[in-house]
Trainee: 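My structure is below; once you've seen it, I'll send some questions.
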Protein chains: 2
Amino acid sequence: MDQNPPRSTSVTVADVARKAGVSKATAARVLGGYGTVSDPVRDAVTAAARALDYRPNELARSMTTGRSGTIGVVVGDIENPFFSLAMRGITDVARQAGFTVILINSGEDVAVEKAAIRTLLAKRVDGLIVSPAKESNVDHLQEAARSGRPLALLDRGSETLDVDTVIADDRHAAEGITRRLIALGHRRIAYITACDTPDHVFRVPSDVNTGSVRRRVEGFLGVCREAGLQGMEGWVRVGAITPDHTRGIVSAMLQSSERPTAIIASDSVIGLEVFKTSRAAGIAIPDELSLVSFHDADWTSVTSPPVTVVRQPVYRLGETAAKLLVERLNGYEASARRVVLQTELIERASVADAPA
Amino acid sequence: MDQNPPRSTSVTVADVARKAGVSKATAARVLGGYGTVSDPVRDAVTAAARALDYRPNELARSMTTGRSGTIGVVVGDIENPFFSLAMRGITDVARQAGFTVILINSGEDVAVEKAAIRTLLAKRVDGLIVSPAKESNVDHLQEAARSGRPLALLDRGSETLDVDTVIADDRHAAEGITRRLIALGHRRIAYITACDTPDHVFRVPSDVNTGSVRRRVEGFLGVCREAGLQGMEGWVRVGAITPDHTRGIVSAMLQSSERPTAIIASDSVIGLEVFKTSRAAGIAIPDELSLVSFHDADWTSVTSPPVTVVRQPVYRLGETAAKLLVERLNGYEASARRVVLQTELIERASVADAPA
DNA sequence: ACTCTCTAAGAGACCGGTCTCTTTTTCTGT
DNA sequence: ACAGAAAAAGAGACCGGTCTCTTAGAGAGT
């Protein structure tokens, strides 16, 4: 059975053909499942392939066909539950459609993102799913789109880029929670995001390059303005890129004389740190401080008090992006589609009337 | 500058060579960065490449070199924070070493895992990192190892498989928390894991095919036996594969007349569900029920009470596995290494004396 | 019986790189 | 000035598949 110990050098169609006593072309037809072959020959080749333990070389196949059966995915940080859940959606769809997924973390760094896309293009991925770190800097994406390989944007869009895009209705969600907080009497409302600006200070929404977050900030500021609150730009805090940064920002705010009565956290990692920091500072949620977080992370329901969150359809975000991409890969040609998925405000107990 | 609109058909070394007026071999030398070339020729080729916007085809390169610059990773579920954090460790090391990562979710299904490895091998990954779903079923891994491509095992080992392995000292950790619980007077201690058996009933440790979990169960049962507790096998519950399953298992236990006074959760997803379920059932932690969870997930410190956990060096688990693999890829030949990383018991407030 | 068509199989080019082998050119040393 | 060595450039095979083109053979029609 196993007379010949597996050699390091792999067996090729030519080897199988020789063993089966047919030409390379015929063996390839059987092995590749194309063209017409007679039954006896098919059997002979199949038997030879089995005997030799033939394994097709996808690389060689990809080279001639031009399709690698691979999708490249670039996200900010797979460690963030937001991205890992979206990634699950992507991989599920990809696997079902017969694609494998190459994952690259950008760390929200445009230079890394750029290099990642170059690498993926060089590896001849069939398509790309990217969650661009900065909307303003999308030349490399433009280039990818032009290279003929379909591109889908995840969670963050770009007006200048005419490609399939899947985002959540961030602006609407931000407007909703801001209205709610204002109705409860809050006036000093902070919005904390990981997105950063060169000098770590926020002035206008266009400072924020991450599409999803910019839309939220616009929604937040818009509602504030409507309600007659001026100068709320000062309450937008950027640069909460690590738990340590977040803690620094939050404790500074909580110690100031004009401390916020409500905080909106732009993702669950920040929300968690706000929760920890305010508890450590002895500030009671929701009596002294209301907290709303984006992303319905699974722990948010189990804290005391459980935290009010904006539920985003994270899995479906990834799933949908992958679906759109796979459709393109299967030849769909029409113009770019922009899918906006609904969010939902889950009211729990971390929001209350503003303290007197 | 941009006179010729980017054609779909990509430019090759031959195109660059023609444009630069040199032979294909020479152009390849410049572009590939090997062999010796004169400065003027190098400049000419570089200029031509830039003018034509030449992009090397990694696929073609891989085919001749036999190296794809890719590592295949197979994990149970990227959505689980355990794996997403380990994955971060892997990708960080891989990127630094110049490798990209192909990710496949097995869903802890051996058949899927098998197919995944076959796919990855066909794509000619340079090496593999696998978190095997079942220890008992490793023929496909054996095969991968024999194919000459290095394999590293993550979090779960296999005695029969002589490959680099990185695990945590699960047995020791389980022994520690079991001793602690017994010392506090607990006698009815449940251990809940996602690992399943064909009939969803646990009898002996060898029923559990996931290495890390089996070692924990062995540690748990061993200490119980030492302490004179018999028949604790009945307190090991398998099949908590989704939050719904977990809830079912936990509520059944809590409603029984002989309900447990302590629960050990085999991962943070289960731990969270135990917490939720017992709260919903109105059972107080830790007064009526003590809870210990494996995996120091970030939410465990903010619940009320915060939960006592076994901190596993998850990031380092992934990082180390990737490092060992990269060393192999760089020619390290010595025999298989087994790295055991230390865990740490983080005592918080979910564990107390057994109720009277 | 003979052409016509259709199926089965073979020969070999091709994808886009790498790399060996060979030839030509340039640089040494005496 | 000239042999010898070394550097630079060219020619072409090769990796392992796919796929077109061509040819051999089998069956159908009249």
Trainee: With a sphere of 6.0 Å drawn around CZ of A:Arg338, does it hold more than 12 non-hydrogen atoms of other residues, nucleotides or ligands?
Mentor: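 Correct, the count exceeds 12.
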Trainee: Mark yes when over 12 heavy atoms from residues, nucleotides or ligands other than B:Arg95 sit less than 6.0 Å from its CZ; otherwise mark no.
Mentor: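 No, CZ of B:Arg95 has 12 or fewer neighbouring heavy atoms, counting only those of other groups under 6.0 Å.
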Trainee: Quick check: are there more than 12 heavy atoms from other residues, nucleotides or ligands sitting under 6.0 Å from NZ of B:Lys123?
Mentor: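 Buried by this count: over 12 neighbours within 6.0 Å.
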Trainee: What's the separation between atom OG1 in B:Thr65 and atom CG in A:Leu59, rounded to the nearest 0.5 Å?
Mentor: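 If I round to the nearest 0.5 Å, the distance is 8.5 Å.
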Trainee: Tell me, which pairs form a side-chain hydrogen bond (donor to acceptor under 3.5 Å, both in side chains) where one or both residues lie in residues 39-58 of chain B, sequence neighbours left out?
Mentor: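 Non-adjacent pairs meeting side-chain hydrogen bond (donor to acceptor under 3.5 Å, both in side chains): A:Glu143-B:Arg55, B:Asp53-B:Arg55, B:Glu58-B:Arg61.
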Trainee: Base contacts versus sugar-phosphate-only contacts with protein, heavy atoms under 4.0 Å: please encode nucleotides 16-27 of chain C as B, S and - from 5' to 3'.
Mentor: BBBB--------
Trainee: Work out how much the helix from C:dA1-D:dT30 to C:dT30-D:dA1 bends between its end axes, five pairs an end, to the nearest 10 degrees.
Mentor: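 End-to-end axis angle for the helix from C:dA1-D:dT30 to C:dT30-D:dA1: 40°, rounded to 10°.
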Trainee: Tabulated below should be each protein N or O lying under 3.5 Å from an N or O of nucleotides 5-8 of chain C; please produce it.
Mentor:
unit_1	atom_1	unit_2	atom_2	d
C:dA8	OP2	A:Thr36	OG1	3.2

Trainee: Using a cut-off of strictly less than 4.0 Å, decide whether A:Ser23 has a side-chain nitrogen or oxygen near OP1 or OP2 of C:dA11.
Mentor: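 Indeed not, no polar side-chain atom of A:Ser23 lies that close.
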Trainee: Just to verify, what does B:Arg18 make a side-chain contact (heavy atoms from CB on, under 4.5 Å) with, not counting sequence neighbours?
Mentor: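 side-chain contact (heavy atoms from CB on, under 4.5 Å) list for B:Arg18, sorted by chain: B:Ala14, B:Asp15.
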Trainee: On the six-membered ring of B:Phe99, is B:Arg67 placed so that its NZ or CZ lies under 6.0 angstrom from the centre and within 45° of the ring axis?
Mentor: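 No cation-pi geometry.
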Trainee: State which residues pass side chain to side chain donor-acceptor pair (under 3.5 Å) with B:Asn80; sequence neighbours excluded, sorted by chain then number.
Mentor: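 For B:Asn80, no residue satisfies side chain to side chain donor-acceptor pair (under 3.5 Å) once neighbours in sequence are set aside.
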Trainee: So, do B:Leu153 and B:Val166 sit near enough that their side-chain heavy atoms are less than 4.5 Å apart?
Mentor: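 A side-chain contact under 4.5 Å is absent here.
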Trainee: Is it true that B:Arg88 and A:Asp77 have a side-chain N and a carboxylate O under 4.0 angstrom from each other?
Mentor: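 Salt bridge between B:Arg88 and A:Asp77, a charged N being under 4.0 Å from a carboxylate O: yes.
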